[in-house]
Protein chains: 2
Amino acid sequence: MQKKVIPELNPNVSVDCVIFGFDLDKLTVLLIDRGQQTQGGPRLALPGNLIYNDENLDQAANRILNELAGINNIYLEQVGAFGDPNRICKEADKEWLQSIRAEPEARVITVAYYSLVKMADYAPRASSFAKTAGWAPVTQIFELAFDHYEILQVAKDKLRQKIKIQPIGFNLLPEKFTLSQLHKLYESILEKPLDKRNFRRKVQKLGIVTPLKEKQQGVPHKPSRLYKFNEEKYEALSKNGYDNFDF
Amino acid sequence: MQKKVIPELNPNVSVDCVIFGFDLDKLTVLLIDRGQQTQGGPRLALPGNLIYNDENLDQAANRILNELAGINNIYLEQVGAFGDPNRICKEADKEWLQSIRAEPEARVITVAYYSLVKMADYAPRASSFAKTAGWAPVTQIFELAFDHYEILQVAKDKLRQKIKIQPIGFNLLPEKFTLSQLHKLYESILEKPLDKRNFRRKVQKLGIVTPLKEKQQGVPHKPSRLYKFNEEKYEALSKNGYDNFDF
DNA sequence: TTTGAAAGTGTATAAATGACACGAAGTTAC
DNA sequence: GTAACTTCGTGTCATTTATACACTTTCAAA
């Protein structure tokens, strides 16, 4: 006695995505603008929506990113599940749900994901209920819809943990980059200054970057050497992690 | 126009708990036995069940642990959300759900938690739909209900990550313990041998253990000195982590 | 009293970390 | 064209940390 399963939205489970980018100077995150609510309240939100009953969570995240920001098929890592019964408490959020959901009062648990992408590859386009989508520097975000601000903080923590175990940057930087840019990337994720010389030494010893013969052009100061990632070394370290610190 | 919210089970979201213990020799995990199904298939499962709509996820986990194993109010960390549409695929699992759920066919996303407890403090008692509850060595578990085996593996990974950043043992060992027991605990979590002398040196330099004047009794060999945890140092390291490796 | 079994201890080598300052190479403004 | 500005790029030393490794001690049991 099987029920026939018709693909349908699950009213109780959503997915939200924290997509990090890097503008060569600071860490940014992709947000959608849901427009002004009559109640006021935050306009900006993480891209996210309810899942369908026939898709798994990763698939849902990728579908939603596509629908809301035109981003396709990227690798996502889970941040965690957020299920406070009061996570939908702001009036502006309730008003907004009235306009987009069939069951706006339903209890919703959300599963958050994060990812790192090259900003240049994903000029986000508005669509669906996102009036616009765009990149905002993480340091300039102070409130978001629902519990999205909290989710962002947890995602930043996860990223900060990850950076200690795996190399980061391949998915955030253009193909050719300078060590200063990589340095700034690490500083903006870790939110603290790192010694320039020690940073360079470490990166080079790890062997994840290869110097090119080219140099930066059009900068009003000494041009920097360009590097690319050494994919084999980078991959190896991504898989195995920095295996330091085995207790 | 508020709907009145009557506390009710959410048919789409469950919580499962991976409770680790340590029998002074190997890592164990708390499982419930749901009894023989007519279809055969695994009898053992992680303690877990659907959540209520008026409780958050952590509360749900604690409630369920209490109901299924008589464990109260412990600190839990999230493993992640598991939402494959086919995670309920074994015939034995479907049969079991028929017997305990109002909507046995519903799509269920589960949020997994893990925790570390002193086995002696929680002689698990059977109750609710758990015929019995008990501790099983993690190395002797080869299949479980639903996707619980996969959840267990991910929980083990999380624990292995955690141990590199924070001290572990306070919640797993009795008040007085030997360094060999702590050593074995680390080896069973990391699943590899650690050099005895280096381990002892490191633990003692961290300052998380304090030697007692007492020694082990009734062992058929040289008795070991007993230690207790230095709570301040342990707490400090739990909060701040081993701040090594700031890139 | 011998045997077995785990406890407990030290050193030397190699590697990683962290702190620190200045000349070089370009552009821009005058 | 020269001075001023900005970022690039580099090395050393002291300290700490990691790793590899073997033998004596202490107790209970046979």
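Chain letters run A, B, ... following the sequence lines, proteins first and then strands; every chain starts at 1.
- With distances taken from any side-chain atom of B:Lys205 to the nucleotides D:dG9, D:dT17, C:dG10, the minimum falls on D:dT17.
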Under 3.5 Å between N/O atoms: give me all the protein pairs with nucleotides 21-25 of chain C, atom names plus distance.
unit_1: C:dA21; atom_1: N1; unit_2: A:Arg197; atom_2: NH1; d: 3.2

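- Contacts of residues 174-181 of chain A with DNA chain C (heavy atom under 4.0 Å): none.
- If you check every strand for non-hydrogen atoms under 4.0 Å, A:Arg200 touches a base.
- As judged by a 4.0 angstrom heavy-atom cut-off over every strand, A:Arg201 is placed among the base-contacting residues.
- One interatomic measurement links the two molecules: CZ of B:Phe199 to C1' of D:dA20, which rounds to 18 Å at whole-angstrom precision.
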Please list, pair by pair, any protein nitrogen or oxygen found under 3.5 Å from a nitrogen or oxygen in nucleotides 1-3 of chain D.
none

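- With sequence neighbours left out, the side chain to side chain contact (heavy atoms under 4.5 Å, CB included) criterion links B:Glu191 to B:Lys156, B:Arg160.
- For B:Glu187, the side-chain hydrogen bond (donor to acceptor under 3.5 Å, both in side chains) partners at least two apart in sequence or on another chain are B:His183.
- Applying the side-chain hydrogen bond (donor to acceptor under 3.5 Å, both in side chains) test to every pair with at least one member in residues 220-230 of chain B, sequence neighbours left out, gives no pairs at all.
- Qualifying side-chain hydrogen bond (donor to acceptor under 3.5 Å, both in side chains) partners for A:Arg197, counting only residues two or more places apart in sequence or in other chains: none.
- Taking the salt bridge (Lys or Arg N to Asp or Glu O under 4.0 Å) definition, one finds that B:Lys176 meets it with B:Glu214, sequence neighbours left out.
- Partners of B:Ile141 under the side chain to side chain contact (heavy atoms under 4.5 Å, CB included) rule, at least two apart in sequence or in another chain, are B:Val29, B:Leu31, B:Ala136, B:Leu144, B:Tyr149, B:Leu152.
- Every residue meeting the side-chain hydrogen bond (donor to acceptor under 3.5 Å, both in side chains) condition with B:Asp58, not counting sequence neighbours, appears here in chain and number order: B:Tyr113.
- In terms of the salt bridge (Lys or Arg N to Asp or Glu O under 4.0 Å) criterion, A:Asp195 has no residue partners (sequence neighbours excluded).
- Applying the side-chain hydrogen bond (donor to acceptor under 3.5 Å, both in side chains) criterion to B:Lys215, with sequence neighbours excluded, gives no partner residue.
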